[in-house]
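For the numbers below, each heavy atom of this structure counts, side chains included, while hydrogens, waters and symmetry mates do not. Everything quoted here is computed from the prediction, not taken from an experiment.
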Amino acid sequence: ALSASQVGALSATNFSALADTQVAALSNTQVQALTSAGIAALNTADVAALTTTQIVALTSTQTPAITTAGVAALSTAQVVVLETRDLATMTTGQIAALNTADTVALTTAQILGMTSSQIQALNTANVGALTTAQIVVLDALLKLRQVCCDPRLLKLRAASTEDDEAVPVAEGDGSGV
């Protein structure tokens, strides 16, 4: 078996020559040793052959190196185990490549970790398939981002109540002024 350093030293050409079964047999340490070029050299069958344990072992620098076609080849079980930090590093093209079942299976934490661009990259079918809980999370995230961009959107009830009490309103005091 190759050591982690030997796996890391493989060129993209050498790595793309590995059989799916060889890729699936890599240890977590060997997977973590893969360069971005090695990850990018994985064909769709290689990506599909990765175990969920290997997917979890991917680093946040490796995940963005998976090709869009590779992301499309991920099973729902593989997508669900992606770390939130890894999902957040994916390109909008990779997010757009997720199928409807993958999108529905995303956890609340994964959705919260997505950027605005990533959320916008979801296609119409994926958005239409989101669960009520996922929509609630997206709605809350949208409102939070809006408030962060413009704090005036906050309704400060306590402040407005104090202001109302501090400034008396003179209605019909008979002075005619």
Side-chain angles (χ1 to χ4, degrees), residues 7 12-13 15-150 153:
V7 170
T13 306
F15 198 79
S16 63
L18 293 175
D20 306 343
T21 54
Q22 291 171 308
V23 172
L26 293 173
S27 70
N28 291 349
T29 306
Q30 290 170 317
V31 168
Q32 290 174 336
L34 294 172
T35 63
S36 293
I39 294 289
L42 292 172
N43 63 41
T44 55
D46 292 336
V47 173
L50 291 171
T51 66
T52 55
T53 306
Q54 289 171 316
I55 295 289
V56 170
L58 291 173
T59 67
S60 56
T61 57
Q62 290 173 313
T63 306
I66 299 172
T67 65
T68 302
V71 171
L74 290 172
S75 70
T76 302
Q78 289 169 311
V79 171
V80 171
V81 297
L82 280 170
E83 296 287 336
T84 302
R85 65 174 162 69
D86 295 333
L87 191 69
T89 65
M90 293 175 79
T91 67
T92 54
Q94 290 171 309
I95 295 295
L98 294 173
N99 67 43
T100 304
D102 297 340
T103 305
V104 170
L106 292 174
T107 65
T108 302
Q110 288 172 316
I111 290 173
L112 284 172
M114 293 174 75
T115 65
S116 297
S117 298
Q118 288 174 317
I119 292 168
Q120 290 171 352
L122 293 172
N123 65 42
T124 307
N126 287 353
V127 172
L130 291 174
T131 66
T132 303
Q134 290 171 315
I135 296 291
V136 168
V137 169
L138 285 174
D139 182 54
L141 187 58
L142 172 66
K143 288 175 183 170
L144 180 62
R145 287 180 178 158
Q146 287 173 330
V147 167
C148 289
C149 292
D150 188 358
L153 294 172

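Taking 4.5 Å as the limit, some side-chain heavy atom of Leu74 sits within range of a side-chain heavy atom of Val47. When side chains are defined from C-beta on, Thr84 does not count as touching Leu112, because their heavy atoms never get closer than 4.5 Å. Counting only heavy atoms from C-beta outward, the side chains of Gln134 and Thr108 never approach each other to under 4.5 Å. Using a 4.5 Å cut-off on side-chain heavy atoms (C-beta onward), Thr103 and Leu130 make contact. With a 4.5 Å cut-off on side-chain heavy atoms, Ile95 and Val71 do not count as touching.
Distance check, rounded to the nearest 0.5 Å: CE of Met114 to CG of Leu122 gives 4.5 Å. Atom CG of residue Leu34 and atom OG1 of residue Thr61 lie 10.5 Å apart, to the nearest 0.5 angstrom. Atoms CG and CG, from Asn126 and Leu106 in turn, are 8.5 Å apart once rounded to the nearest 0.5 Å.
With Leu82 as the fixed residue, the side-chain contact (heavy atoms from CB on, under 4.5 Å) test singles out one of Thr107, Asp102, Leu87: Leu87.
Annotation for Gln94 and Thr63: closest pair NE2-O, 3.2 Å, computed over non-hydrogen atoms. Nearest heavy atom pair, residue Leu58 against residue Arg85, reads O-NH1, 4.1 Å. Considering every non-hydrogen atom in both Ala48 and Ala73, the closest pair reads CB-O, 3.9 Å. Taking all atoms of both residues into account, the shortest heavy-atom contact from Thr68 to Gly93 is CG2-O, 3.4 Å. Residues Thr76 and Ala101 approach most closely at OG1-CB, 3.6 Å, considering heavy atoms. Closest approach of Val127 to Ile135, counting heavy atoms only: O-CD1, 4.5 Å.
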Residues Val31, Ile55; criterion side-chain contact (heavy atoms from CB on, under 4.5 Å); working and verdict:
CA-CA 9 Å; Val31 168; Ile55 295 289; over 6 Å; no
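Defined by atom type and a distance below 3.5 Å, a donor-acceptor pair is missing between the side-chain atoms of Ser60 and Asp86. No side-chain donor from either of Thr115 and Ser117 sits under 3.5 Å from a side-chain acceptor of the other.
Gln120 contributes no side-chain N or O that, together with a main-chain N or O of Thr92, makes up a donor-acceptor pair within less than 3.5 Å. No side-chain donor-acceptor contact under 3.5 Å links Asp46 to the backbone of Val23. No donor-acceptor pair under 3.5 Å is formed between the side chain of Gln62 and the backbone N or O of Ile39. Checked by atom type and distance alone, the side chain of Gln32 never pairs as donor or acceptor with a backbone atom of Thr59 at under 3.5 Å.
Every residue two or more places apart in sequence or in another chain that forms a side-chain hydrogen bond (donor to acceptor under 3.5 Å, both in side chains) with Ser75 is listed here: Gln78.
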